[in-house]
There are 2 protein chains.
Amino acid sequence: MKRKITLKQIAKELDVSVSTVSKALSNSKEISEDTTQKIQAFAKLYNYKPNNIALSLKNRKTKTIGILIPEIVHHFFSTVIRGIERVANRRGYNVIVGLSNESFTKEIINMEMLANGSIDGFVLSISKETLLKQDYHHFNATINQGIPIVMFDRVVNEVDCDKVIVDDFNGAVKAVNKLLENGCKNIALITTMDYVSVGKLRTQGYLEALQNNGIIPDSNLILKIDDSLDVENNLDVLEIEIAQFFKSNPNIDGVFAVNELYAVSAMKVARKLGLKIPDDLQVIGFTDGVLSKHATPSLTTVSQHGQKIGEQSANLLIDRLEAEDSETEQYFTNNEKKRDFIKMVIETEIIERESTK
Amino acid sequence: MKRKITLKQIAKELDVSVSTVSKALSNSKEISEDTTQKIQAFAKLYNYKPNNIALSLKNRKTKTIGILIPEIVHHFFSTVIRGIERVANRRGYNVIVGLSNESFTKEIINMEMLANGSIDGFVLSISKETLLKQDYHHFNATINQGIPIVMFDRVVNEVDCDKVIVDDFNGAVKAVNKLLENGCKNIALITTMDYVSVGKLRTQGYLEALQNNGIIPDSNLILKIDDSLDVENNLDVLEIEIAQFFKSNPNIDGVFAVNELYAVSAMKVARKLGLKIPDDLQVIGFTDGVLSKHATPSLTTVSQHGQKIGEQSANLLIDRLEAEDSETEQYFTNNEKKRDFIKMVIETEIIERESTK
DNA sequence: ATATTTAACGAAAACGTTTTCGTGTTAACA
DNA sequence: TGTTAACACGAAAACGTTTTCGTTAAATAT
């Protein structure tokens, strides 16, 4: 079992100093042709690679970015990670992942754990519990420590940082418009409780689209699901609730749901109730995941472009990290204004499938 | 913007030495009650937390484990990550994620990047391209450097390390037995090409189950999908192929598919061909993901318990890491045998849903 | 009163780098 | 021949810890 070789060992072996080895390997012309050759050959032979940890300590930067998300077994979030990893990798960074599991305290613990030198910056999406508590001190604390944050999807005004969001509002508007164009007269909304910002925005988009078309929203046509219960494992509850909803509103001919699961469940229930999709009922969901693609009938959805969100987030973060670098390298600390915080909006797109006409 | 405070700064501020501060914070009784109090109070006030990188360098261990997987937007893999993260977190470790994207070279690059000090050990699943090439030198190289590896799911005999695998073979046997019990006479298999070990094992299980029941496998009833093409984005190709398959074998009354997608596609195609599920055709898939749960009809599947796989893998790895520790701490290097490599088999379980009788 | 223990702290090394600043040798120059 | 440049290299500091080994002064024992 050969431990990785270090500069010191190379130096000893070749009877030169550590500094000489270091310089030779970086092709410093301070070192003679001869010894450079010799050292490089030796290093190659023993497959020398500088130790990342030592470099991190010396440079006071780790070249890794921390991802902090509520959940990983989730199409949207894993897509975002893929995006982040892609650009991180391309730009020479690693990613380290923490899961808050939608818990406030786990979010804090993870954050503090990573903030103690392990990462240069965060890309994160806020946990539900944190959104409920509206306690964002930990975000501001780490920002004050000089660790930049980029928030995506679930963002919040109380924290000053770069943000990348989906255009939830307009996505919802587009979806409802589509249903209207397709001839729907009574469009229902299946949504979550209001404290999740994205749910709220999508709801607002729904209302806006109706009003723009001269339709007065009917509160009976809005179903708010309490997602404090673990819906994934309580599917029956969800379906019963939706069934009730359909039965008490037999006039519904269109459904806009704020996520895939609600949409697919709605289709399932509707078909059990004897409705034909898309003839009797048209359905549009949000989030273009596996479910939408493979449901029968396949589901028309508002796509969020998760990968793009991840890529943009990572780029924003790394840009800022490297801007900081060149800043401190400036001879004249001429107080050049830092780049303002950016709120980047990723446009949604409607992907038409079988659940609409 | 307050940078994180260091021992040195505390020492300066309180006019003591760095060593004193360090000792006081670890409650060493070398330091007097008084100064300990003073130092701890000050440290708390300024929210001192030791710098992880410095600790890593000093201790020559990072307390983080590297995950290297082919793909992250994938129910099984993300479930495994969740499992790993759970026990990692519980046992004081972080996880850093690399994606090979099924590519041999990306796997190597990622591996080398992380192996240079960033992590203490790997949990990984081999990329398809690597399996095809059968080139495993990079795994053995990092193991030789003293970095332990735990492989899961896609494993290989050529590398000596702990392994956690799904009992693919018996899972397949169970599934086929189930179909037989349910009265199927002509059970088809939809599988992948043979080089992916899991596909091969599931195929073998299928064959075994038939033979155990005195049925001679019919090669016409086996459909091998070439997954070198990106199936997810070529659904139509897949469906056409399956449709052909059904048409030329109208006697099929049961289908065992080696993954969710194939199973769901088979159901979709079958229904278009006018077959009733489960009356005319029963279907069982492998991998219990979102698709199985939410398909209509919902799919009976062989569950792989991804989270458990992740948890076991992480435990194996950390056990080995910490065993190494205590080993080097031994006064008597009494050559105690290292723990042999473990191959842990996670049993599968059939989850019955609507696609079987 | 002297010797020895104990208490309380500091100096320094080590982990593996990079980089600044010397320093000695040789070659070029006046 | 004496002065200066250029060349090739080494020593040491720094990043932030922990830990071993002194060291000093006070307290205890003889």
Side-chain angles (χ1 to χ4, degrees), chain A residues 2-40 43 46-64 115-120 145-146 325 328-329 331, chain B residues 2-40 43 46-63 115-120 145-146 325 328-329:
Chain A
K2 294 227 161 264
R3 271 222 159 286
K4 291 226 79 169
I5 198 170
T6 72
L7 287 188
K8 197 192 283 193
Q9 295 171 40
I10 299 183
K12 192 172 192 179
E13 215 60 40
L14 263 47
D15 212 50
V16 290
S17 78
V18 174
S19 3
T20 304
V21 178
S22 174
K23 290 171 189 166
L25 291 177
S26 59
N27 281 312
S28 160
K29 55 193 158 150
E30 248 180 278
I31 307 298
S32 74
E33 190 82 11
D34 273 8
T35 48
T36 299
Q37 291 289 338
K38 192 176 55 178
I39 291 176
Q40 291 193 350
Y46 284 89
N47 190 30
Y48 170 79
K49 296 275 167 52
N51 179 301
N52 283 331
I53 295 291
L55 283 180
S56 295
L57 185 58
K58 176 128 227 326
N59 302 329
R60 304 161 107 234
K61 71 181 59 135
T62 61
K63 288 271 184 181
T64 99
N116 294 323
S118 300
I119 53 102
D120 295 339
Q145 276 171 34
D325 283 5
T328 45
E329 275 170 15
Y331 271 44
Chain B
K2 294 223 159 272
R3 272 223 157 287
K4 290 226 82 171
I5 198 170
T6 72
L7 286 188
K8 198 193 282 190
Q9 295 171 40
I10 298 184
K12 193 173 191 179
E13 216 61 39
L14 264 46
D15 212 50
V16 291
S17 79
V18 173
S19 1
T20 304
V21 178
S22 175
K23 289 171 189 165
L25 290 178
S26 58
N27 281 314
S28 160
K29 55 192 159 146
E30 251 181 275
I31 306 300
S32 74
E33 190 82 12
D34 272 7
T35 49
T36 299
Q37 290 290 337
K38 192 176 56 177
I39 291 176
Q40 291 193 348
Y46 283 88
N47 190 31
Y48 170 79
K49 296 275 167 52
N51 179 302
N52 283 330
I53 297 291
L55 284 180
S56 295
L57 185 58
K58 175 128 228 326
N59 302 329
R60 304 161 106 232
K61 70 181 60 137
T62 61
K63 286 273 184 180
N116 292 323
S118 300
I119 53 102
D120 295 339
Q145 277 171 34
D325 282 4
T328 45
E329 276 170 16

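All heavy atoms count here, side chains included; hydrogens, waters and symmetry mates do not. In what follows, chains carry the letters A, B, and so on, assigned in the order in which the sequence lines appear, proteins first and then strands, with residues in each chain numbered from 1. Computed from a predicted structure; not experimentally measured.
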In short, Ala11(B) meets Val18(B) closest at the heavy-atom pair CB-N, 3.8 Å

According to a strict under-4.0 Å criterion, is [X] in side-chain N/O contact with OP1 or OP2 of [N]?
| X | N | answer |
| --- | --- | --- |
| Lys8(A) | dC15(C) | yes |
| Lys4(A) | dG16(C) | no |
| Ser32(A) | dA8(D) | no |
| Thr35(B) | dC9(C) | yes |
| Arg60(B) | dG16(C) | yes |

Side chain of Ser19(B) only, please: which of dA11(D), dA11(C), dC15(C) is the nearest?
dA11(C)

Winner on side-chain proximity to Leu7(A), out of dC9(D), dT18(C), dT17(D), is dT18(C)

If you measure only the distance, is there a donor-acceptor pair under 3.5 Å linking the side chains of Asn51(A) and Lys4(A)?
no

Using a distance-only test with no angle check, is there a side-chain donor-acceptor pair under 3.5 angstrom linking Thr20(B) and Ser17(B)?
yes

Starting at atom [atom1] of [X], determine the distance to atom [atom2] of [N], rounded to an integer number of angstrom.
| X | N | atom1 | atom2 | result |
| --- | --- | --- | --- | --- |
| Ile10(B) | dG10(C) | CD1 | P | 14 Å |
| Lys61(B) | dT17(D) | NZ | P | 18 Å |
| Glu30(B) | dT18(D) | CD | C1' | 12 Å |
| Ile5(B) | dT17(D) | CD1 | P | 10 Å |
| Leu25(B) | dT19(D) | CG | C1' | 15 Å |
| Lys29(B) | dC9(C) | NZ | P | 16 Å |
| Ile31(B) | dT18(D) | CD1 | P | 13 Å |
| Leu55(B) | dT19(D) | CG | C1' | 13 Å |

Both Leu57(B) and Lys23(B) contact DNA chain C. Which one's nearest nucleotide lies toward the 5' end?
Lys23(B)

Map Ala54(B) and Ser22(A) onto DNA chain C by nearest heavy atom, then report which one ends up closer to the 5' terminus.
Ala54(B)

List the steps, then state whether side chain to side chain contact (heavy atoms under 4.5 Å, CB included) holds for Lys63(A) with Leu55(A).
CA-CA 10 Å; Lys63(A) 288 271 184 181; Leu55(A) 283 180; over 6 Å; no

Quick one, Ser19(A) with Ser22(A), criterion side chain to side chain donor-acceptor pair (under 3.5 Å). Give me CA distance, side-chain angles, the key distance, then yes/no.
CA-CA 5 Å; Ser19(A) 3; Ser22(A) 174; over 6 Å; no

